[in-house]
S.K.: 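For reference, the structure I am asking about is given below.
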Amino acid sequence: MTKNLSFKESFIQDKLRTHSCNQLRKSDIGKQVVLMGWVHHRRDHGGVIFIDLRDRDGLTQVVFNPAVNKQCHEKAEDFRNEYVIYIEGVVQPRPADALNTNLPTGEIEVMVHTVKLLNSCRPLPFQLDQTTPVSEELRLTYRYLDLRTPYMANIMKTRSKVTFAVREYLDKQGFLEIETPILTKSTPEGARDYLVPSRINPGNFYALPQSPQIMKQLLMVAGIDKYFQICRCFRDEDLRADRQPEFTQIDMEMSFSTQEEVFRITEGVISSMFKSGLNIDIKLPFTRMTYKEAMDIYGSDKPDLRFGLKLFQATDIMNNSNFKIFNGTIANGGVIKGLCYPNGAKFSRKELDDLTSFAGIHGAKGLAWFKISEDKFQSPIAKFFSDDQLNKLKNMGRANTGDIIFLICDKETVVNQALAALRNQLALIGNLIPENQFNLLWITEFPLFKYNENEKRLESEHHPFTAPFTEDIDKLDTDPLNIRSSSYDLVMNGCEIASGSLRIHNFELQQKIFELLNLDKKTIQQQFGFFIEALKYGAPPHAGIAPGLDRIIMLMLGLPNIRDVIAFPKTQKASCLMSKSPSPVSEAQLKELEIRIPKKKPKDA
RNA sequence: GGGGUCGUAGUUCAACUGGUUAGAGCACUGCCCUGUCACGGCAGAAGUUGCGAGUUCGAAUCUCGUCGACCCCGCCA
């Protein structure tokens with residue numbers, strides 16, 4: 001047992017703290033106080049010992065002076081980093097030359113006259129003083145230590161405040177918070193489900209919800225009128241910096257509602273989050289843009305509007321040249337789009353090669369570039385084009401001397417995807433993105449369907465419960481790919497942070513949509529039968545949206561990944577380094593579930 | 001499934017082109033120090049260079065495989 005640690009003493013009995021470690025100020029001088037917390041730093045001068053006592057909220061310097069209390073001082077000699085201690089003492093002013101202006105409590109200190117060791121601490125796997133960086137691998141393995149750091153503690157506090165603000169706002173707007181099942185039903189379409197085997201019904205599985213979509217619509221049928229839930233969603237897909245297999249949505253649904261009302265409520269939710277989390281007043285209402293506009297000008301349905309670099313059409317200008325690759329691609333239905341990057345003529349050959357391979361990662365087969373100098377177009381392919389073409393290109397890109405124009409020629413989807421990625425990349429390397437700016441943007445009028453080339457069938461762009469755009473509804477049988485939907489996304493700084501739609505509340509229309517998605521009658525009946533049935537019993541018109549809580553907080557705090565806003569996140573391989581999950585289970589457990597794991601074949605077999 | 005970056009003491013990093021006993025800061029241990037706040041001083045302990053093969057007289061360094069972390073593509077209604 002650690003020196004000086006007695007089990008008896010280590011329980012605090014009936015004593016409570018009088019203050020947190022970020023509470024005492026000059027006005028408290030003279031008070032008797034009780035503080036408890038962690039030893040953040042110990043400074044031992046042989047005589048007097050200073051300890052920075054830390055809790056969630058901050059630091060307070062506590063002083064052990066042998067001249068004041070010998071026993072306390074002797075105990076403090078053995079204290080080490082992260083020991084948990086109890087102190088009683090008197091708040092006193094610091095000497096005028098020993099103030100610490102870096103600490104809110106820096107004008108005072110507590111002279112200790114009673115001390116108890118509540119717990120000791122082994123040497124740490126990493127230091128918590130944030131003076132040296134720590135690998136994330138280690139932080140995740142000892143997440144409970146990582147969460148003690150002011151950095152993580154502050155994120156958790158902000159997250160809590162923001163979440164509370166959401167509840168408060170939606171409660172005032174008349175929303176009911178209702179929980180929906182975590183053990184629910186697997187449905188086709190969408191992401192891969194996490195499955196949970198049923199012991200009582202062997203061979204059958206629950207699915208964890210990708211979102212409570214159907215349940216919240218059923219709550220509308222149930223007359224709940226306005227529902228919300230801060231709910232966990234699960235999707236068994238590969239992870240990214242901004243994607244975790246379980247994440248939290250602010251799930252909302254409202255009856256007898258319109259897009260305008262959903263926007264108003266959502267803008268209220270978001271602005272209350274910013275107000276409570278950052279004390280920032282977000283400008284309302286948010287900007288709006290149609291999907292078509294966004295794709296035309298930015299090549300993306302989540303454009304970052306904090307910088308320009310708009311795309312332009314160059315198909316007509318650059319067609320019919322001596323450059324056969326362009327001509328051929330256009331003849332096959334391809335397009336040329338481009339963007340002008342100011343002062344880009346100074347890019348080296350290596351930088352351009354890097355940008356070309358970057359475009360390649362995002363699907364482009366090549367990246368054409370034209371450096372603009374006085375009366376000259378420097379480019380490996382300039383020779384294939386007439387002066388007239390090149391001048392028109394310069395005009396189209398509004399290029400000046402010293403700029404560079406990039407062109408990509410391919411199928412429109414590829415062109416847009418690659419140029420949108422290139423646009424973001426150029427903004428990044430050119431430092432064109434202003435800091436501390438929050439650009440919120442509604443994208444509307446998404447297509448209802450997209451075509452899945454592999455499966456040769458229509459897929460929902462949003463989800464199958466999305467209502468078609470009223471004006472386009474008669475195209476269902478004739479021109480489904482050109483139907484717009486009543487769905488909308490909210491984009492912040494080029495990141496999708498919410499997605500929603502007006503829903504289908506008519507069972508015949510819902511059935512029709514399922515059929516267009518090429519789901520056979522049996523599947524529809526098995527997977528969605530109960531839902532279609534519900535729509536037959538007086539389902540009201542309803543609409544909803546689901547902002548992603550983790551992502552919004554990540555962006556609000558300007559963090560590079562979503563893991564930092566989640567207390568116990570998973571690694572890119574979806575495992576928890578701390579608990580080592582997922583992990584094998586016992587034969588007995590598997591037997592109970594009637595699950596057999598096939599033996600792994602040796603690799604060379 | 002694919003591409004890329006990385007893995008050295010508890011930790012953060014170093015170790016030149018393959019060449020002596022793999023070094024330093026912090027943490028840790030011991031001693032000293034009564035106004036520090038990333039306190040200071042002296043001394044010490046601490047290494048399967050992720051793991052496994054291979055090349056070589058010789059591997060932290062080169063090659064292959066494997067495990068893990070991160071970023072990206074595919075995927076994510």
Side-chain angles (χ1 to χ4, degrees), chain A residues 40-53 59-68 73 77 80-82 92 94-103 105-106 109 111 121-142 145 187-193 210-211 213-214 233-245 247 357-363 417-418 421 425 446 448-450 452 454 458-466 485 487 496 499 501 513 517 519 546 548 560-561 563 570-573 575 577 580 603-604:
Chain A
H40 192 63
H41 266 303
R42 191 181 67 110
R43 293 176 293 279
D44 185 346
H45 290 260
V48 68
I49 294 172
F50 299 100
I51 283 176
D52 290 333
L53 193 65
L59 297 173
T60 299
Q61 175 164 284
V62 300
V63 189
F64 299 81
N65 192 328
V68 173
H73 179 264
E77 281 182 329
R80 294 292 181 270
N81 282 344
E82 298 305 306
Q92 64 182 31
R94 295 196 188 192
D97 58 349
L99 304 177
N100 187 341
T101 50
N102 296 323
L103 289 181
T105 60
E109 61 193 11
M111 183 58 73
C121 179
R122 296 282 179 84
L124 296 159
F126 57 93
Q127 283 157 259
L128 307 186
D129 57 12
Q130 297 180 301
T131 53
T132 43
V134 186
S135 77
E136 194 172 6
E137 201 167 347
L138 206 57
R139 288 173 54 206
L140 292 177
T141 307
Y142 298 92
L145 295 179
T187 52
E189 301 287 296
R192 193 176 294 113
D193 286 321
Q210 296 175 28
S211 82
Q213 184 60 37
I214 288 179
C233 303
F234 305 86
R235 294 178 191 176
D236 187 5
E237 296 292 349
D238 286 350
L239 285 73
R240 287 286 188 282
D242 62 352
R243 261 163 39 189
Q244 281 276 303
F247 60 98
S357 63
F358 178 85
I361 291 169
H362 294 272
Q417 191 186 347
Q425 178 71 1
F446 278 80
L448 186 63
F449 298 115
K450 62 188 168 204
N452 185 321
N454 295 330
L458 293 177
E459 269 183 357
S460 292
E461 173 78 30
H462 183 56
H463 60 51
F465 315 109
T466 304
S485 75
S487 70
E496 182 196 315
S499 192
S501 62
I513 297 291
L517 292 171
L519 298 177
N561 70 67
R563 294 181 298 278
K570 300 203 168 30
T571 69
Q572 191 160 50
K573 281 202 164 171
S575 67
L577 294 177
K580 299 200 168 62
K603 263 226 158 144
D604 47 11

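Keep in mind that what you see is a predicted model, and the values were worked out from it rather than measured. Quick note on labels: first sequence line is chain A, next is B, and so on, each numbered from 1.
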S.K.: Looking only at the side chain of A:Ile361 (C-beta and beyond, no hydrogens), which of the listed nucleotides B:A69, B:G35, B:C73 gets closest?
M.R.: B:C73
S.K.: Which part of the nucleic acid, if any, lies within contact of A:Arg42, taking any heavy atom under 4.0 Å across all strands shown: a base, the sugar-phosphate backbone alone, or nothing?
M.R.: nothing
S.K.: When only distance counts, do a donor and an acceptor, one from the side chain of A:Arg94 and one from the base of B:C37, lie under 3.5 Å apart?
M.R.: yes
S.K.: Please determine, for the side chain of A:Asn65, which listed nucleotide (B:U34, B:A69, B:U36) has the closest atom?
M.R.: B:U34
S.K.: Polar atom pairs between nucleotides 29-32 of chain B and protein, under 3.5 Å, N or O only, would you list them?
M.R.:
{"residue": "B:U29", "atom": "OP2", "partner": "A:Arg80", "partner atom": "NE", "Å": "3.1"}

S.K.: Quick one: which of B:U34, B:A69, B:C73 gets closest to the side chain of A:Val48?
M.R.: B:U34
S.K.: For A:Leu99, report the nucleic acid contact type (base, sugar-phosphate, nothing); a contact means any heavy atom under 4.0 Å.
M.R.: base
S.K.: Taking protein heavy atoms under 4.0 Å as touching, what does nucleotides 3-13 of chain B look like 5' to 3' if B marks base contact, S marks sugar-phosphate-only contact and - marks none?
M.R.: -------BSS-
S.K.: Determine whether a donor-acceptor pair (one donor, one acceptor, N or O, separation below 3.5 Å) exists between the side chain of A:Glu109 and the base of B:G35.
M.R.: yes
S.K.: Test for a donor-acceptor pair under 3.5 Å between the base of B:C75 and the side chain of A:Arg243, counting only N and O atoms.
M.R.: yes
S.K.: Using a cut-off of 4.0 Å on non-hydrogen atoms, how would the nucleic acid contact of A:His41 be classed: base, sugar-phosphate, or nothing?
M.R.: sugar-phosphate
S.K.: Sequence neighbours left out, what passes salt bridge (charged side-chain N to carboxylate O under 4.0 Å, His left out) with A:Arg240? Give chain and number order.
M.R.: none
S.K.: My understanding is that only residues two or more places apart in sequence, or in another chain, count here; which of them pass salt bridge (charged side-chain N to carboxylate O under 4.0 Å, His left out) with A:Arg42?
M.R.: A:Asp44
S.K.: Under the side chain to side chain donor-acceptor pair (under 3.5 Å) rule, collect the residues that match up with A:Glu137, sequence neighbours excluded.
M.R.: none
S.K.: Between B:C75 and A:Asp238, counting only base atoms on the nucleotide and side-chain atoms on the residue, is there a donor-acceptor pair under 3.5 Å?
M.R.: no
S.K.: With sugar-phosphate meaning primed atoms plus P, OP1 and OP2, does A:Ala98 contact a base, only sugar-phosphate, or nothing at under 4.0 Å between heavy atoms?
M.R.: base
S.K.: Suppose we screen for salt bridge (charged side-chain N to carboxylate O under 4.0 Å, His left out). Which residues come up paired with A:Asp242, at least two apart in sequence or across chains?
M.R.: A:Arg551
S.K.: Do A:Arg243 and A:Glu237 sit within salt-bridge range, that is, some charged N less than 4.0 Å from a carboxylate O?
M.R.: no
S.K.: Between A:Asn81 and A:Ala67, which residue's closest nucleotide on RNA chain B lies nearer the 5′ terminus?
M.R.: A:Asn81
S.K.: Return yes if the base of B:G35 and the side-chain atoms of A:Asp97 contain a donor-acceptor N/O pair under 3.5 Å, otherwise no.
M.R.: no
S.K.: Is A:Ser575 touching bases, backbone alone, or none of the nucleic acid, heavy atoms closer than 4.0 Å?
M.R.: sugar-phosphate
S.K.: For A:Arg43 and B:C39, is the shortest distance between a side-chain N/O and OP1 or OP2 below 4.0 Å?
M.R.: yes
